[in-house]
Amino acid sequence: MNFTVAIVGRPNVGKSTLFNRLVGKKLALVDDTPGVTRDRRPGDAKLVDLRFTIIDTAGLEQSGPETLQGRMWAQTEAAIDEADLTLFVVDAKAGLTPADQTLAGLLRRRGKPVVLVANKSEAKGSDGGFYDAFTLGLGDPCPISAEHGQGMIDLRDAIVEAIGEERAFPPVVDEAETNIDLRKTADEGDDDEEPAYDETKPLRVAIIGRPNAGKSTLINRFLGEDRLLTGPEAGITRDSISVEWDWRGRTIKMFDTAGMRKKARVQEKLEKLSVADSLRSIRFAESVVIVFDATIPFEKQDLQLVDLVIREGRAAVLAFNKWDLVEDPQALLADLREKTERLLPQARGIRAVPMSGQTGYGLDKLMQSIIDTDKVWNRRISTARLNKWLDAQQTQHPPPAVSGRRLKLKYMTQVKARPPGFMISCTRPDSVPESYIRYLTNGLRTDFQLPGVPIRIHLRASENPFEGKMRR
C-alpha cells in the first residue's frame, strides 16, 4: 500500500459507511445507533486508481480518559498519528456541532494533511451544513454520499491533491519472481510421501469467548501495545478486528471478536450483528483460541463455543485466562484437566493452556500450542499406513454382523486435511453403526497422534466390478 488514511468525525456521521464503500465490502458494522465503532479497524481501500490503507475509527465523544468514551478517543488519536492523511467527515444534513469545531482544532494542531468530507450531501436541506463546513478552516469541503456512492471521483481528486502525486502514485519497480513453488503436483506425487509442515506460511487465528473473558487484553499483550480497546466493562468489542504480528519469524494474523453470550440473551440488533461478525471470523480462521475465564470456567456457553469450533472443522486450543487471580493453581489445574477430558469428548486431547493476558504468563506456551495444533490439523497420512492400520483394527475388533452378514471395510485413504478427512470403502456403508465409527476415530487419534482436532470419516460403498456386465 502507498499511504495510510484515517477516517475521523463525531458519532453517526457515516464514517463506517464510507469505510465499507472504500474497501468494497461490509466489513465494519453499521447501525443508526451512535457510537457503534469502538476500535480502530484497518482495511485495503480502492478509490478509482488509488490504492491505500484506510482506518475506521470511533467518533469523538468528549469525556474523561478513564471512561469508555475516553479510551475510545485515545484509539482514534493513535489512528490519526499513524496515518499520513485524515478524512474529516461531517454531516452536511445535520450541520456542524461543537464537537466538529473541537475536532477541527485538534486536526489543525496536528499539522497533517486533512480532507474535509461533507457526507449526506444528497439529502434535502444539506446545503446549509455544506456551506457551514467552510468555517472550519480546513479547506473546501468535498460533498459526497457514502451510502449511495456519489462524489467518489471528487474525493479521489481531493486525496491526490492533499497527499501529493508522488505519494499517491509511487513508481512501480519490476522485481524478479522469487519463492516459486517447485513441489510435485498431486498427480506427480508419491502417495506414500507425507508432506512436511510449512513453518513459514502465515497463520490466521481467531480469539473467541464469552464477554469479558479477556480476549482483547490477550491480543494487546501479544502485540506489546494497547492496540485494542479494553476495560472492565463487558461487551466492549463489537467489530471483529484483525491485527498482524510476527512470532519467531512467522506472520500471525489474529482476529479479535465480540463476546458471544447465550443465544436467548442476545436481543439487540447491534449485538446480533457483532455475533454474526464473530462467526464469520471463525470460518475465516484456521486456528481458534477459545478463551475461558479461569475463575468461572466451563460455563455452558464455553462448552457450546468449543463444540461450534469443532463442528466448523477448525483447529481449537483452550486458553484459561486470568490465571493470576487463581488462589490454588495446582489444584485448579488438575480439576480443569479432568473436566476437559470429561466434558469435551468430541475434542479428546485438545490442548489447554493456563495463561494471563494481564501479566503475560503462559503466552509463549499458548502460541506453541496453536502452532502444534495447526500442524496436526494439516497432517496427511499415507494410504499404505492407513490400510495396514485398518486391517489391524478389524483384526482386533471386527465390525459387527448386521442381519447375519458381516460388514467388511476394504480400503481406506485420506481425502483431505484441514481438518483430517478419511474415506473408507466398505460393504453396506449405511449399516455401519455409529459406535464403530467412534472406535475408528479414537484409534486414528491415538495411533497417528491427532489430538484435539476434528476427524471426519466418510463411508462409501465399494464398487462391484461385475455390475452391469452380462453373464456369459
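If you're wondering where the values come from, they're calculated on a predicted model, not measured in any experiment. For this chain, numbers begin at 1 and follow the sequence in order.
Side-chain atoms of Q368 and R248 form a donor-acceptor pair, as typed in the model, at a separation below 3.5 Å.
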Practice task
Step by step, work out the side chain to side chain contact (heavy atoms under 4.5 Å, CB included) result for F222 and V243.
Solution key: CA-CA 10 Å; F222 272 129; V243 295; over 6 Å; no

Practice task
Begin from the C-alpha positions of L218 and M355 and carry the test side chain to side chain contact (heavy atoms under 4.5 Å, CB included) through to its verdict.
Solution key: CA-CA 9 Å; L218 169 60; M355 45 76 59; 3.1 Å; yes

Handout entry: Verdict with supporting geometry, L136 and V90, side chain to side chain contact (heavy atoms under 4.5 Å, CB included)
Key = CA-CA 11 Å; L136 295 174; V90 297; 4.2 Å; yes

Handout entry: Trace of the side chain to side chain contact (heavy atoms under 4.5 Å, CB included) decision for V376 with Q449
Key = CA-CA 8 Å; V376 175; Q449 289 78 52; over 6 Å; no

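Relative ring orientation between F255 and F284 is described as perpendicular, the plane-to-plane angle rising above 60° on a 0-90° scale split at 30° and 60°. Ring-plane geometry between F320 and F292 is classed as perpendicular, the angle between the planes exceeding 60 degrees on a 0 to 90 degree scale with a lower cut at 30.
Ion pairing of K375 with E199 is present here, as a side-chain N (NZ or NE/NH1/NH2) and a carboxylate O approach within less than 4.0 Å. Using a 4.0 Å cut-off between charged nitrogen and carboxylate oxygen, K112 and D81 do not count as a salt-bridge pair. Under 4.0 Å is where a charged nitrogen must lie from a carboxylate oxygen, and between D293 and K322 at least one such pair does. Look at R51 and D44 and you find no salt bridge, because none of the NZ, NE, NH1 or NH2 atoms lies under 4.0 Å from a carboxylate O. Salt-bridge formation is detected for the pair R210/D302: a Lys NZ or Arg NE/NH1/NH2 atom is positioned less than 4.0 Å from an Asp or Glu carboxylate oxygen.
Surrounding CD of E161 are at most 12 heavy atoms belonging to other residues, nucleotides or ligands under 6.0 Å away. At most 12 heavy atoms of other shown residues, nucleotides or ligands fall within 6.0 angstrom of atom NZ in K365. Applying the 6.0 Å contact sphere to CZ of R110 captures more than 12 heavy atoms from other residues, nucleotides or ligands. More than 12 heavy atoms of other residues, nucleotides or ligands shown are found within 6.0 angstrom of CZ on F134. Within 6.0 Å of CD on E77 lie more than 12 heavy atoms contributed by other residues, nucleotides or ligands.
Of the possible donor and acceptor atoms, none in the side chain of T373 sits under 3.5 Å from a partner among the backbone N and O of I370. R418 places no side-chain N or O within 3.5 Å of a backbone atom of G313 that could act as its donor or acceptor partner. T217 places no side-chain N or O within donor-acceptor distance of the main-chain N or O of Q358, the cut-off being under 3.5 Å. R41 places no side-chain N or O within donor-acceptor distance of the main-chain N or O of D56, the cut-off being under 3.5 Å. Panel note: side chain R21, backbone A146; a donor-acceptor pair is recorded below 3.5 Å. Remark: the backbone N or O of D154 is not paired with any side-chain donor or acceptor of D157 at under 3.5 angstrom. Side chain of T53 to main chain of T4: no donor-acceptor pair is present (N/O by atom type, distance under 3.5 Å, no hydrogens or angles). Between the side chain of S121 and the backbone N or O of S145 there is no donor-acceptor pair closer than 3.5 Å.
Within the 4.5 Å cutoff, no side-chain heavy atoms of K120 are placed close to those of S126. Side-chain contact between W377 and Y197 is absent, with no heavy-atom pair separated by less than 4.5 Å. Between L450 and I381 the shortest side-chain heavy-atom distance falls below 4.5 Å. In this structure the side chain of E122 never reaches within 4.5 angstrom of the side chain of K93, judged on heavy atoms. Counting heavy atoms from C-beta on, the side chains of V13 and N119 never come closer than 4.5 Å. Between K253 and L203 the shortest side-chain heavy-atom distance does not fall below 4.5 Å. Looking only at side-chain heavy atoms (C-beta outward), L444 and I457 come within less than 4.5 Å of each other. No side-chain heavy atom of I144 sits less than 4.5 Å from a side-chain heavy atom of Q150.
The shortest non-hydrogen separation linking L332 to W323 is CD2-CZ3, 3.8 Å. Shortest non-hydrogen contact noted between S356 and D324 is OG-OD1, 2.9 Å. Of all heavy-atom pairs spanning V415 and M423, the tightest one is CG1-CB, 3.6 Å. For the residue pair S281 and T257, the shortest heavy atom distance occurs at CB-CG2, 3.9 Å. When all heavy atoms of P419 and P454 are compared, the pair lying nearest together is CB-O, 3.4 Å. Contact detail for V353 and G362: the closest heavy-atom pair is CG1-O, 3.9 Å.
In this structure, CZ on R314 lies 10.0 Å from CG on L308, to the nearest 0.5 angstrom.
For the pairing with D374, the salt bridge (Lys or Arg N to Asp or Glu O under 4.0 Å) check across R379, R204, R351, R250 returns one residue only, R250.
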